[in-house]
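Here the structure comes first, spelled out in structure tokens, and everything after it is commentary.
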Number of protein chains: 2
Amino acid sequence: MQNISEEKCKLVEELGLNFEEKHNLPPLAGRIYAFMILSNVEGHSFEDIIEITCASKSSVSTNLNLLVQLKFIEYFTKTGDRKRYFRTTKNYLRITLEEYLESIEKELNLVKKVNSFNKEHNPEKFKKNKNLGIIFQDYLTSQKENLETTIQKMIAFKNEFDQL
Amino acid sequence: MQNISEEKCKLVEELGLNFEEKHNLPPLAGRIYAFMILSNVEGHSFEDIIEITCASKSSVSTNLNLLVQLKFIEYFTKTGDRKRYFRTTKNYLRITLEEYLESIEKELNLVKKVNSFNKEHNPEKFKKNKNLGIIFQDYLTSQKENLETTIQKMIAFKNEFDQL
DNA sequence: GTATTGGTTCGGAAACCACCGAACCAATTA
DNA sequence: TAATTGGTTCGGTGGTTTCCGAACCAATAC
């Protein structure tokens, strides 16, 4: 990563790692995305990204296409220029939240299943831990609601400024 | 998985997969843990688990020890019996929540870092997305608070019944 | 036509991981 | 003493992931 401040470089690594695990991305994809989040420029060319990440053409190609496919980034072109320019999609925060929502819903569902299974098959155990199970279920429900209202807020903000 | 109902078997797979990804456990560990969550019996022997999971001694050994080390499960012994008996720790739900809390705190920290980085280095971009950034930060803060109060509730419940 | 540019695709190398079986060890039983 | 039981450790194997370089392709430039 030449030509980038030490600080930015470090933050790219840290943030990249985070994307990697939260969204299940390959390391390089995480770093590319992190770099873009932290960048001012509106469009990064394929070459830019090769240089910045010190990765091979093929790897960059693969990972850029992956990020596009997952709608983390998008590309645009300039007339009279064959290059593609990449930028983060405007709604990446909402995508993140929607992913979280899906994950929470899945877990909530599973917890309900487990609770009802234990209620039926292991009644003693269920009674003993009933309150805990309910607390946990309430927790998930509350997280879910918070997510939903946040997503609504973001959509409202988008409608206001049409720039989400 | 002999001697186990179809229903339980399916739920073990599903729940095991969930533990696998949420807690970063090897598949076998996830399944062992899931099986214990869904079980009435107070202690499962090493042999039981081999039979139930259809895995090798060595794999079961490794994964049981892993689960013990991570405090998902614990073991006890019976006098005049060399075997070890395994059961879920009473506070597994709290452990789960505390893991989530740690993860949220890490992410919140990162988001703050990113926001302040962009505020300083990419002021235009920051202004444009300021509200979104704040909404997201608020969301994380709220999730964190919800987690904290839930953990408190669980601790209160534990104190009341001393069975967490 | 040929050369260059921008990017994709393919085959393989290196690293990692989960799991297994065999050998092993330590405690008990005979 | 030898045999059994309960469990651990080690070496290796199959499978997966990530990345690379080389070959390739399509569009433009000369």
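Every chain is numbered from 1 and lettered A, B, ... according to where its sequence line falls, protein lines coming before strand lines. Note that the structure is a prediction, hence the values are computed from the model and not measured.
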message: Can you tell whether the side chains of A:R94 and A:E98 come within less than 4.0 Å, N to carboxylate O?
response: yes
field: Under 4.0 angstrom between B:N63 side-chain N/O and C:dA18 OP1 or OP2
entry: no
statement: In whole angstroms, the gap separating P of C:dG7 from CZ of A:F46 amounts to 6 Å
task: Hey, which sits more toward the 5' end of DNA chain D by its nearest nucleotide, B:S59 or A:L28?
output: B:S59
- prompt: Please give, in whole Å, the distance from C:dA27 P to B:K78 NZ?
  reply: 22 Å
- request: Can you figure out which of D:dC19, C:dC19, D:dT8 approaches the side chain of B:N65 most closely?
  value: D:dT8
field: Rounded interatomic separation in angstrom, taking NE2 from B:H44 and C1' from D:dG7
entry: 19 Å
statement: Atom CZ of B:F86 and atom C1' of D:dG7 are separated, to the nearest Å, by 9 Å
field: Salt bridge B:K83-B:E47, side-chain N to carboxylate O under 4.0 Å
entry: yes
query: Which comes earlier along DNA chain C counting from the 5' end, the contact point of B:K57 or that of A:D81, where each point is its nearest nucleotide?
result: A:D81
Phosphate contact (D:dG7 OP1 or OP2) by B:S61 side-chain N/O below 4.0 Å: no
field: Any side-chain donor near an acceptor of the partner, A:K10 and A:S5, under 3.5 Å
entry: no
- request: Assess whether one donor atom and one acceptor atom, taken from the side chain of B:R82 and the base of D:dT5, lie less than 3.5 Å apart.
  value: yes
message: Side-chain N or O of B:S56 versus OP1/OP2 of C:dC19: is the shortest distance under 4.0 Å?
response: no
- prompt: For A:K83, which contact category applies under a 4.0 Å heavy-atom criterion: base, sugar-phosphate, or nothing?
  reply: sugar-phosphate
message: Quick check: any donor-acceptor pair below 3.5 Å linking the side-chain of B:S58 to the base of C:dG21?
response: yes
task: Measure from NZ or CZ of A:K78 to the centre of the six-membered ring of A:Y85, then state whether that distance is under 6.0 Å and the direction lies within 45° of the axis.
output: yes
field: Integer-rounded Å distance: C:dC19 P and B:L66 CG
entry: 11 Å
Distance, rounded to the nearest Å, where B:L25 contributes CG and C:dC17 contributes C1': 14 Å
- prompt: Roughly, in whole Å, what's the span from CG in B:L64 to P in D:dT8?
  reply: 8 Å
statement: Rounded to whole Å, CZ of A:R84 lies from C1' of C:dT8 at a distance of 9 Å
field: Salt-bridge present (B:K22, A:E107; N to O < 4.0 Å)
entry: yes
